[in-house]
Amino acid sequence: MDQSVFERDPSDPAHKDVNPFLKLALELGPLMVFFFANSRGEWLVERLPFLANIGGPIFIATALFMVGTAVALGASWLLLRTLPIMPLVSGIVVFVFGALTLWLHNETFIKIKPTIINTLFGVILLGGLLFGKSLLGYVFDSAFRLNAEGWRKLTLRWGIFFLFLAVLNEVIWRSFSTDFWVAFKVWGTMPLTLIFTFAQMPLVMKYSLDQPAAEKAGNKGK
(Lines give C-alpha, C1' and ligand atoms only; values in the text may rest on other atoms or scores of the structure.)
Protein backbone atom coordinates (compact mmCIF):
# COMPACT_ATOMS: atom_id res chain seq x y z
CA MET A 1 0.00 0.00 0.00
CA ASP A 2 1.19 3.55 -0.77
CA GLN A 3 3.08 4.91 2.23
CA SER A 4 1.36 8.28 1.72
CA VAL A 5 -1.90 6.71 2.93
CA PHE A 6 -0.58 6.78 6.48
CA GLU A 7 0.39 9.72 8.62
CA ARG A 8 4.04 10.50 7.94
CA ASP A 9 6.85 10.64 10.47
CA PRO A 10 7.02 14.14 12.01
CA SER A 11 10.62 14.48 10.75
CA ASP A 12 9.49 13.79 7.17
CA PRO A 13 9.49 17.01 5.09
CA ALA A 14 6.18 15.85 3.57
CA HIS A 15 4.53 15.64 7.01
CA LYS A 16 1.38 17.77 7.18
CA ASP A 17 0.36 19.64 10.33
CA VAL A 18 -3.18 18.89 11.50
CA ASN A 19 -5.40 21.28 13.40
CA PRO A 20 -5.22 19.92 16.99
CA PHE A 21 -8.94 20.61 17.59
CA LEU A 22 -9.90 18.65 14.47
CA LYS A 23 -7.61 15.83 15.55
CA LEU A 24 -9.18 15.82 19.03
CA ALA A 25 -12.72 15.80 17.61
CA LEU A 26 -11.98 12.86 15.32
CA GLU A 27 -10.43 10.87 18.15
CA LEU A 28 -12.99 11.66 20.89
CA GLY A 29 -16.13 11.59 18.72
CA PRO A 30 -16.58 7.79 18.72
CA LEU A 31 -16.03 7.65 22.49
CA MET A 32 -18.77 10.23 23.09
CA VAL A 33 -21.11 8.24 20.83
CA PHE A 34 -20.34 5.13 22.92
CA PHE A 35 -21.13 6.92 26.19
CA PHE A 36 -24.36 8.48 24.85
CA ALA A 37 -25.63 5.20 23.38
CA ASN A 38 -24.99 3.28 26.60
CA SER A 39 -26.64 5.91 28.82
CA ARG A 40 -29.58 6.50 26.47
CA GLY A 41 -30.00 3.01 25.06
CA GLU A 42 -33.73 2.73 25.84
CA TRP A 43 -34.36 6.19 24.38
CA LEU A 44 -32.62 5.16 21.17
CA VAL A 45 -34.62 1.93 20.94
CA GLU A 46 -37.90 3.85 21.28
CA ARG A 47 -36.97 5.95 18.25
CA LEU A 48 -35.13 3.27 16.29
CA PRO A 49 -36.83 -0.04 17.20
CA PHE A 50 -34.51 -2.14 15.02
CA LEU A 51 -31.72 -1.45 17.51
CA ALA A 52 -33.52 -3.75 19.98
CA ASN A 53 -32.33 -6.67 17.84
CA ILE A 54 -28.74 -5.88 18.83
CA GLY A 55 -29.35 -6.31 22.55
CA GLY A 56 -29.08 -4.15 25.66
CA PRO A 57 -27.56 -0.65 25.89
CA ILE A 58 -23.94 -1.84 26.08
CA PHE A 59 -24.34 -3.85 22.86
CA ILE A 60 -26.06 -0.96 21.08
CA ALA A 61 -23.27 1.32 22.30
CA THR A 62 -20.67 -1.14 21.02
CA ALA A 63 -22.25 -1.28 17.56
CA LEU A 64 -22.49 2.52 17.33
CA PHE A 65 -18.94 2.83 18.66
CA MET A 66 -17.76 0.72 15.73
CA VAL A 67 -19.77 2.86 13.31
CA GLY A 68 -18.44 6.07 14.89
CA THR A 69 -14.88 4.80 14.65
CA ALA A 70 -15.32 3.97 10.98
CA VAL A 71 -16.84 7.41 10.33
CA ALA A 72 -13.96 9.16 12.16
CA LEU A 73 -11.34 7.27 10.15
CA GLY A 74 -13.27 7.94 6.95
CA ALA A 75 -13.52 11.66 7.79
CA SER A 76 -9.79 11.75 8.50
CA TRP A 77 -9.09 10.30 5.06
CA LEU A 78 -11.53 12.63 3.27
CA LEU A 79 -10.29 15.77 5.04
CA LEU A 80 -6.58 15.02 5.36
CA ARG A 81 -5.91 12.25 2.82
CA THR A 82 -4.01 10.36 5.52
CA LEU A 83 -4.85 7.81 8.22
CA PRO A 84 -3.44 8.65 11.69
CA ILE A 85 -1.43 5.71 13.02
CA MET A 86 -2.62 5.47 16.64
CA PRO A 87 -6.36 5.99 15.94
CA LEU A 88 -6.05 3.44 13.12
CA VAL A 89 -4.52 0.86 15.47
CA SER A 90 -7.19 1.68 18.06
CA GLY A 91 -9.88 1.34 15.38
CA ILE A 92 -8.68 -2.12 14.37
CA VAL A 93 -8.89 -3.24 18.01
CA VAL A 94 -12.37 -1.68 18.29
CA PHE A 95 -13.59 -3.58 15.23
CA VAL A 96 -12.13 -6.91 16.38
CA PHE A 97 -13.32 -6.78 19.99
CA GLY A 98 -16.58 -5.04 19.09
CA ALA A 99 -17.37 -7.80 16.61
CA LEU A 100 -16.59 -10.44 19.24
CA THR A 101 -18.81 -8.62 21.75
CA LEU A 102 -21.77 -8.60 19.36
CA TRP A 103 -21.21 -12.05 17.91
CA LEU A 104 -20.79 -13.83 21.25
CA HIS A 105 -23.09 -11.39 23.06
CA ASN A 106 -20.46 -11.03 25.76
CA GLU A 107 -19.64 -7.54 26.98
CA THR A 108 -16.30 -8.69 28.40
CA PHE A 109 -14.62 -8.26 25.02
CA ILE A 110 -15.46 -4.56 24.69
CA LYS A 111 -14.46 -4.01 28.32
CA ILE A 112 -10.96 -5.40 27.82
CA LYS A 113 -10.51 -3.36 24.62
CA PRO A 114 -9.01 -0.35 26.51
CA THR A 115 -6.65 -2.74 28.30
CA ILE A 116 -5.43 -4.13 24.98
CA ILE A 117 -5.10 -0.71 23.33
CA ASN A 118 -3.34 1.00 26.23
CA THR A 119 -0.99 -1.93 26.72
CA LEU A 120 -0.25 -1.95 22.99
CA PHE A 121 0.45 1.80 22.91
CA GLY A 122 2.57 1.61 26.05
CA VAL A 123 4.65 -1.26 24.70
CA ILE A 124 5.02 0.41 21.28
CA LEU A 125 6.18 3.72 22.79
CA LEU A 126 8.60 2.14 25.25
CA GLY A 127 9.75 -0.40 22.67
CA GLY A 128 10.39 2.40 20.18
CA LEU A 129 12.70 4.07 22.68
CA LEU A 130 14.81 0.92 22.80
CA PHE A 131 15.42 1.42 19.08
CA GLY A 132 16.03 5.14 19.42
CA LYS A 133 12.60 6.18 18.06
CA SER A 134 10.36 8.64 19.91
CA LEU A 135 7.06 7.65 18.32
CA LEU A 136 4.97 10.08 20.35
CA GLY A 137 5.71 12.72 17.75
CA TYR A 138 3.02 11.13 15.59
CA VAL A 139 0.44 12.19 18.17
CA PHE A 140 1.59 15.59 19.37
CA ASP A 141 3.71 17.00 16.57
CA SER A 142 0.77 19.11 15.33
CA ALA A 143 0.50 20.79 18.74
CA PHE A 144 4.15 21.61 19.53
CA ARG A 145 7.79 21.03 18.58
CA LEU A 146 10.38 19.47 20.88
CA ASN A 147 14.02 18.59 20.53
CA ALA A 148 15.11 14.95 20.53
CA GLU A 149 15.68 14.81 24.31
CA GLY A 150 12.26 16.31 24.97
CA TRP A 151 10.51 13.76 22.73
CA ARG A 152 12.45 10.94 24.39
CA LYS A 153 11.42 11.95 27.92
CA LEU A 154 7.83 12.69 26.95
CA THR A 155 7.55 9.36 25.12
CA LEU A 156 8.86 7.53 28.21
CA ARG A 157 6.31 9.21 30.45
CA TRP A 158 3.40 8.53 28.09
CA GLY A 159 4.46 4.92 27.65
CA ILE A 160 4.31 4.40 31.41
CA PHE A 161 1.01 6.29 31.62
CA PHE A 162 -0.60 4.07 28.97
CA LEU A 163 0.40 0.98 30.96
CA PHE A 164 -1.10 2.60 34.08
CA LEU A 165 -4.38 3.15 32.20
CA ALA A 166 -4.37 -0.51 31.13
CA VAL A 167 -4.06 -1.68 34.74
CA LEU A 168 -6.69 0.86 35.88
CA ASN A 169 -9.18 -0.37 33.26
CA GLU A 170 -8.74 -3.94 34.48
CA VAL A 171 -9.43 -2.88 38.07
CA ILE A 172 -12.52 -0.84 37.13
CA TRP A 173 -14.32 -3.32 34.86
CA ARG A 174 -13.63 -6.26 37.15
CA SER A 175 -14.73 -4.43 40.31
CA PHE A 176 -17.71 -2.30 39.27
CA SER A 177 -20.89 -2.37 37.18
CA THR A 178 -20.98 -1.90 33.41
CA ASP A 179 -22.59 1.53 33.72
CA PHE A 180 -19.89 2.64 36.15
CA TRP A 181 -17.19 1.36 33.80
CA VAL A 182 -18.67 3.26 30.83
CA ALA A 183 -19.01 6.45 32.89
CA PHE A 184 -15.46 6.14 34.20
CA LYS A 185 -14.20 5.53 30.68
CA VAL A 186 -15.42 9.02 29.73
CA TRP A 187 -15.52 11.04 32.94
CA GLY A 188 -12.65 9.31 34.74
CA THR A 189 -10.11 8.30 32.13
CA MET A 190 -10.41 11.51 30.10
CA PRO A 191 -9.90 13.89 33.07
CA LEU A 192 -6.94 11.77 34.22
CA THR A 193 -5.47 12.00 30.74
CA LEU A 194 -5.98 15.77 30.62
CA ILE A 195 -4.43 16.22 34.07
CA PHE A 196 -1.46 14.10 33.02
CA THR A 197 -1.14 16.06 29.76
CA PHE A 198 -1.10 19.43 31.53
CA ALA A 199 1.38 18.07 34.07
CA GLN A 200 3.83 17.56 31.19
CA MET A 201 3.79 21.24 30.21
CA PRO A 202 6.94 22.13 32.22
CA LEU A 203 8.82 19.44 30.27
CA VAL A 204 7.32 20.65 27.00
CA MET A 205 8.32 24.25 27.70
CA LYS A 206 11.82 23.23 28.76
CA TYR A 207 12.56 21.28 25.57
CA SER A 208 10.41 23.25 23.15
CA LEU A 209 11.97 24.51 19.92
CA ASP A 210 11.13 28.04 18.90
CA GLN A 211 9.56 28.35 15.46
CA PRO A 212 12.70 29.42 13.59
CA ALA A 213 14.68 26.59 15.18
CA ALA A 214 11.92 24.11 14.32
CA GLU A 215 11.88 25.28 10.71
CA LYS A 216 15.67 25.11 10.53
CA ALA A 217 15.64 21.55 11.90
CA GLY A 218 13.00 20.60 9.32
CA ASN A 219 14.99 22.14 6.46
CA LYS A 220 18.01 20.00 7.29
CA GLY A 221 16.03 16.94 6.28
CA LYS A 222 15.32 18.37 2.82
Side-chain angles (χ1 to χ4, degrees), residues 5-7 18-45 47-48 50-51 54-122 124 136 138-140 142-143 158 161-162 165-166 168-170 172-173 178-194 196-197:
V5 169
F6 301 101
E7 186 177 27
V18 180
N19 185 303
F21 294 104
L22 173 60
K23 197 168 187 175
L24 186 65
L26 291 175
E27 294 178 5
L28 291 186
L31 182 60
M32 298 307 297
V33 169
F34 180 72
F35 173 77
F36 176 80
N38 183 75
S39 62
R40 302 298 299 276
E42 295 181 358
W43 181 85
L44 286 172
V45 169
R47 285 152 182 79
L48 301 171
F50 71 89
L51 290 177
I54 298 176
I58 187 63
F59 298 106
I60 294 173
T62 297
L64 295 182
F65 190 25
M66 295 169 68
V67 172
T69 299
V71 169
L73 289 174
S76 179
W77 173 250
L78 290 175
L79 295 172
L80 309 172
R81 291 301 175 185
T82 60
L83 292 175
I85 300 298
M86 296 186 77
L88 178 60
V89 173
S90 177
I92 292 172
V93 177
V94 167
F95 296 142
V96 171
F97 283 84
L100 288 172
T101 298
L102 298 177
W103 182 35
L104 300 176
H105 217 68
N106 187 336
E107 62 191 46
T108 298
F109 291 104
I110 200 63
K111 288 181 177 179
I112 65 174
K113 186 269 300 179
T115 301
I116 301 298
I117 291 178
N118 287 318
T119 299
L120 184 61
F121 286 167
I124 288 174
L136 198 68
Y138 280 107
V139 181
F140 289 132
S142 296
W158 272 97
F161 182 67
F162 276 127
L165 290 180
L168 181 61
N169 183 69
E170 284 296 295
I172 295 298
W173 84 261
T178 296
D179 286 343
F180 183 90
W181 171 77
V182 173
F184 186 83
K185 183 176 172 62
V186 177
W187 308 116
T189 302
M190 287 307 303
L192 282 175
T193 302
L194 289 174
F196 176 81
T197 300

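One N or O on the side chain of Thr62 and one on the backbone of Ile58 form a donor-acceptor pair closer than 3.5 Å. Using a distance-only test at 3.5 Å, with no hydrogens or angles considered, a donor-acceptor pair links the side chain of Ser39 to the main chain of Phe36.
Residues Glu107 and Trp181 fail the side-chain proximity criterion, which asks for heavy atoms closer than 4.5 Å. Proximity of Trp158 to Phe121: side-chain heavy atoms (C-beta onward) are nowhere separated by under 4.5 Å.
With rounding to the nearest 0.5 Å, the separation of CZ in Phe59 from CG in Leu51 is 14.0 Å. In this structure, CE in Met190 is found 13.0 Å from CZ in Phe35, a value given to the nearest 0.5 Å. Between Thr178 atom OG1 and Lys111 atom NZ the span is 3.0 Å, to the nearest 0.5 Å. Ile60 contributes atom CD1, which lies 12.5 Å from atom CZ of Arg40 (distance to the nearest 0.5 angstrom). Residue Leu165 holds its CG atom at 9.0 Å from CZ of Phe196, rounded to the nearest 0.5 Å. To the nearest 0.5 angstrom, Asn118 atom CG is 8.5 Å from Phe161 atom CZ.
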Would you mind writing out the side-chain donor-acceptor pairs for residues 83-105 within the sub-3.5 Å range, not counting sequence neighbours?
| from | atom 1 | to | atom 2 | distance (Å) |
| --- | --- | --- | --- | --- |
| Thr101 | OG1 | Phe97 | O | 2.8 |
| Thr101 | OG1 | Ile110 | N | 2.9 |

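Annotation: side chain to side chain contact (heavy atoms under 4.5 Å, CB included) contacts of Glu170 (sequence neighbours excluded): Ile112, Thr115, Trp173, Arg174.
Minimum heavy-atom separation, Pro30 to Gly68: CG-O, 3.5 Å. Of all non-hydrogen atoms in Pro57 and Gly41, the two that sit nearest each other are CB-CA, 4.2 Å.
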Output, in order, the C-alpha distance, side-chain angles, deciding distance and verdict of side chain to side chain contact (heavy atoms under 4.5 Å, CB included) for Leu64 and Leu44. CA-CA 11 Å; Leu64 295 182; Leu44 286 172; 4.1 Å; yes
Where do Leu168 and Leu192 land on the side chain to side chain contact (heavy atoms under 4.5 Å, CB included) test, with the steps shown first? CA-CA 11 Å; Leu168 181 61; Leu192 282 175; 3.7 Å; yes
